[in-house]
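To start, the structure under review is shown below, and the notes come after it.
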Amino acid sequence: MDEIARRPLGRTGLLVSEICLGTSPLASMPELYGYAVDDARAEATIEAALASPVNFIDTSNNYGGGSAETRIGHVLRRHGGLPDGVVLATKVDADRETRDFSGDRVKRSAEESLSRLGLDRIQLMYLHDPEFYLTFDEAMAPGGPVAALRDLRDAGVVEHIGLAAGDVPLMRQLVATDEFDVVLNHNRFTLVDRSAEPLIDDAVRRGVAFVNAAPYGGGILSKGPGARSTYGYRDADGVVLERVRLMQAACERHGVPLAAAALQLSLREPRVTSTVVGVSSPERIAETVALARLSLPVELWDELADLTPPAEHWLT
Ligand SMILES: NC(=O)c1ccc[n+]([C@@H]2O[C@H](COP(=O)([O-])OP(=O)(O)OC[C@H]3O[C@@H](n4cnc5c(N)ncnc54)[C@H](OP(=O)(O)O)[C@@H]3O)[C@@H](O)[C@H]2O)c1
């Protein structure tokens with residue numbers, strides 16, 4: 001398998017592959033992805049990633065109610081812990097039933113994650129999806145979730161703190177506090193959406209690593225608009241759907257898969273440190289590396305740029 005590049009993860013001192021294994025599809029969430037994934041297939045996918053040049057894995061406390069972390073934990077236990085050189089990131093989540101996202105909840109979330117993963121510390125812990133639960137002031141309040149993450153870092157349980165979310169305005173406010181070493185945004189720097197642009201600029205200016213998740217919009221840009229009609233986990237906007245069809249036709253004229261262009265749009269962007277790709281079968285790891293390495297005709301990039309939907313059709 002061809003090598004893929006490793007890059008410094010901002011100011012953390014960690015070195016990560018330009019492709020990161022995204023583990024939400026392998027948590028088995030049929031409501032989001034349209035199919036279930038059993039333990040064996042999920043664990044084989046994680047094993048395949050560990051045997052590949054991909055050294056960066058992204059998960060969260062709440063993917064499949066914890067099943068992604070549990071499955072990763074099974075694999076790590078078989079390896080006697082996190083293999084050398086592998087960087088694992090997880091996320092603290094609100095309690096989904098009570099919507100509690102207090103400092104105490106953050107500490108419980110971290111404990112749950114470490115117990116499922118079979119680890120006593122983690123390199124990167126993101127604050128996950130605050131936009132659904134917290135205002136900026138609540139996130140930053142004394143004793144609140146960000147303060148709790150700082151406590152976990154001071155206690156040595158967490159090495160670096162990140163922010164993982166979608167809402168660009170809230171993320172820009174949070175990144176401006178300089179509390180976060182890594183920022184992950186999803187579905188907003190893709191062939192059909194560029195709403196993350198100002199956030200990427202903020203992050204890079206501050207020396208914060210920018211991680212770009214969901215380059216396929218959750219599947220429409222990899223499986224194609226015939227197979228998926230959602231973008232960013234909701235019904236795709238009509239203009240977006242039409243542009244994806246035209247992009248797929250442009251790629252077909254050049255004899256290349258739409259997925260290669262979708263992935264490489266992110267990989268070729270120097271402000272992006274790593275691109276998080278969700279996959280749920282072991283073969284996908286080699287396929288992803290092959291898509292990353294495929295040579296694409298230069299004219300295709302101009303054709304795709306002309307087809308980018310106008311900003312009013314991007315996610316908010
Ligand atoms: N708030 C957050 O922190 C946040 C939000 C979104 C995403 N993320 C992270 O980013 C990761 C990526 O997002 P995502 O998984 O939702 O979306 P994505 O990477 O845009 O797309 C994943 C989908 O693409 C399919 N796919 C991947 N490679 C393919 C290939 N070569 N051919 C055909 N289909 C292919 C996968 O199918 P198969 O299952 O069949 O492989 C899956 O259905 C997540 O897994 C998660 O780790 C984080």
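As the structure lists them, so they are numbered: ligands from 1, and atoms in each ligand from 1.
- Using a 4.0 Å cut-off between charged nitrogen and carboxylate oxygen, Arg116 and Glu111 do not count as a salt-bridge pair.
- Of the N or O atoms in Thr288, none lie within a sub-3.5 Å distance of an N or O in ligand 1.
- Closest heavy-atom approach to atom 5 (C) of ligand 1 among the candidates Lys91, Glu287, His186: His186.
- The residue Tyr126 has no part lying near ligand 1, judged by heavy-atom distances below 4.0 Å.
- Of all atoms in ligand 1, listed by their number and element, those nearer than 4.0 Å to a heavy atom of Leu291 are 31 (N).
- Atoms of ligand 1 lying under 4.0 Å from at least one heavy atom of Ala164, given by number and element, are 3 (O).
- Nearest protein heavy-atom contact of atom 15 (O) of ligand 1 is Gly278 CA, 3.1 Å.
- Distance check: Gln173 CD to Met140 CE gives 10.0 Å after rounding to the nearest 0.5 Å.
- Across the listed options Leu258, Asp129, Leu184, Asp129 owns the non-hydrogen atom lying nearest to atom 1 (N) of ligand 1.
- Remark: among candidates Ala214, Gly166, Pro25, the nearest residue to atom 13 (O) of ligand 1 is Ala214, based on non-hydrogen atoms.
- Protein heavy atom at the shortest distance from atom 44 (C) of ligand 1 is Ser24 OG, 3.1 Å.
- Atom 48 (C) of ligand 1 has Tyr63 OH, 3.1 Å as its closest protein atom, hydrogens excluded (heavy atom only).
- Of all the heavy atoms of Ala259, none lies under 4.0 Å from any atom of ligand 1, so neither backbone nor side chain is involved.
- Ionic pairing of Arg284 and Glu287 is present here: one or more N-O contacts between side-chain nitrogen and carboxylate oxygen are shorter than 4.0 angstrom.
- Tyr35 OH, 3.2 Å is the protein heavy atom nearest to atom 38 (P) of ligand 1.
- Residue contacts with ligand 1, taken as heavy atom pairs separated by less than 4.0 Å, involve Tyr33 solely via side-chain atoms from C-beta onward.
- If you check which protein heavy atom lies closest to atom 25 (C) of ligand 1, you get Ser222 OG, 3.3 Å.
- Of all protein heavy atoms, the one lying nearest to atom 47 (O) of ligand 1 is Asp58 OD2, 2.6 Å.
- Counting heavy atoms closer than 4.0 Å to ligand 1, residue Thr23 contributes backbone atoms (N, CA, C, O) but none from C-beta onward.
- On a distance-only criterion, Gly218 and ligand 1 share at least one N/O pair closer than 3.5 Å.
- Of the heavy atoms in Val37, none comes closer than 4.0 Å to ligand 1.
- Polar contact check, His128 against ligand 1: a nitrogen or oxygen pair lies under 3.5 Å apart.
- At under 3.5 Å, not a single nitrogen or oxygen of Asn187, backbone or side chain, sits near a nitrogen or oxygen of ligand 1.
- The nearest heavy-atom contact from the protein to atom 6 (C) of ligand 1 is Tyr233 OH, 3.1 Å.
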